[in-house]
Number of protein chains: 2
Amino acid sequence: MPTKTYQIGVEATMEVIGGKWKSIILCHLRQKAMRTSELERAIPQISQKMLVQQLRELEAANIVTRHVYQQVPPRVDYSLTDYGHSLSGVLHDLCVWGEENIDRRREQGEAITLLHRDDL
Amino acid sequence: MPTKTYQIGVEATMEVIGGKWKSIILCHLRQKAMRTSELERAIPQISQKMLVQQLRELEAANIVTRHVYQQVPPRVDYSLTDYGHSLSGVLHDLCVWGEENIDRRREQGEAITLLHRDDL
DNA sequence: TGGGATACCCACTAAAAAGTAAGTATGGAT
DNA sequence: ATCCATACTTACTTTTTAGTGGGTATCCCA
């Protein structure tokens, strides 16, 4: 099998948290374990397919775990693994930088809104 | 014009540093100003088109500046703006987390290599 | 006169990511 | 029997992102 090669560490990080949805999902899970329907409500624009697909990829990367409760109707929840928690600081900083970026752009006259701040 | 709305700060951050190339370019520029050809050498897989395109987008977001020297043959270099430097901590953490991720995966038997570490 | 060096730009194509809309399974409640 | 809720799948389409291969401009130098 061919050796996977990275030039620089950030490439590997972006494989894990990059894309449109992963970092958003992780920022939510950073705060608490959440069930599927809860994540759907927290991220209204995401489709069910994308949510599930991204969660599977995060599971495969050992960042989140899936916990199935033996119930009907089904109940499943997702939380960060210990390893996933090692991203917590980065995720928080990404949120904060974005909040500042939005404030800045608004001050410069851009019509822009942020619904939820990451207050921790 | 319609108001741009974000749910959470990280969305705005990812608009700036997301995608396959931007974070890599920024990690390099974090260390020093670099000319086009230097960036091409530092990021061997990138095409000229992508490099220029990403640099233009980073300029538009006020993260990098383009400096043209009046010379023939042309000489241009790029560096982080003051605002771009506000990403420096995040970028460093992204590099470091990725380096650890790669180490971890190698320990678990994956065939994987990292060429350049971010030693600062 | 024509090649070299640098930093582009443009048109076209290919591949990857994301979106849409529908369907499946379970078992309890009505 | 039928319906409900939850958590998925699957097939298909659209959009976005990235890659390829070419071309332009400048001025110096042989």
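Please read all numbers here as calculations on a predicted model, not as lab measurements.
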- Note on the structure: Which of D/dC8, C/dA7, D/dT6 is nearest the side chain of B/Arg66? It is C/dA7
Would the distance check show the side chain of [X] and the main-chain N or O of [Y] forming a donor-acceptor pair, the cut-off being under 3.5 Å?
{"X": "B/Thr13", "Y": "A/Leu94", "result": "yes"}
{"X": "A/Thr81", "Y": "A/Ile63", "result": "yes"}
{"X": "B/Glu99", "Y": "B/Asp118", "result": "yes"}

- Nearest heavy-atom pair of A/Ile8 and B/Cys27: which atoms, and what distance?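 Distance-wise, the nearest heavy atoms are CD1-CB, 3.7 Å.
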- Task: Specify the closest pair of heavy atoms between B/Ala12 and A/Gly98, including all atoms of both residues, with the distance to one decimal.
- Result: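 Shortest heavy-atom contact: CB-O, 4.0 Å.
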Expressed in angstrom and rounded to an integer, what is the separation of [X] atom [atom1] from [N] atom [atom2]?
{"X": "B/Glu57", "N": "D/dT17", "atom1": "CD", "atom2": "P", "value": "8 Å"}
{"X": "B/Glu38", "N": "C/dA7", "atom1": "CD", "atom2": "C1'", "value": "14 Å"}
{"X": "A/Glu40", "N": "D/dA5", "atom1": "CD", "atom2": "P", "value": "14 Å"}
{"X": "A/Gln70", "N": "D/dT6", "atom1": "CD", "atom2": "P", "value": "17 Å"}
{"X": "B/Arg56", "N": "D/dT17", "atom1": "CZ", "atom2": "C1'", "value": "18 Å"}
{"X": "A/Glu59", "N": "D/dA7", "atom1": "CD", "atom2": "P", "value": "14 Å"}
{"X": "A/Gln71", "N": "D/dC4", "atom1": "CD", "atom2": "C1'", "value": "16 Å"}

- Would you kindly say whether A/Glu15 and A/Tyr6 are connected by a side-chain donor-acceptor distance under 3.5 Å?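 Yes, side-chain donor-acceptor contact under 3.5 Å.
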- Base, backbone or nothing for each nucleotide of nucleotides 10-30 of chain C, written B, S, -, heavy atoms under 4.0 angstrom, 5' to 3'? -B------BBB------B---
- Message: Could you check whether A/Arg104 makes a cation-pi contact with B/Tyr83, meaning its NZ or CZ is under 6.0 Å from the centre of the six-membered ring and within 45° of the ring axis?
- Response: yes
- Contact class for A/Tyr69 (heavy atom, under 4.0 Å): base, sugar-phosphate, or nothing?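 If one applies the 4.0 Å heavy-atom cut-off, A/Tyr69 turns out to touch nothing in the nucleic acid.
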Check whether any side-chain nitrogen or oxygen of [X] sits under 4.0 Å from OP1 or OP2 of [N], and answer yes or no.
{"X": "B/Arg35", "N": "C/dA7", "answer": "yes"}
{"X": "A/Ser37", "N": "D/dA5", "answer": "no"}
{"X": "B/Arg75", "N": "C/dA5", "answer": "no"}

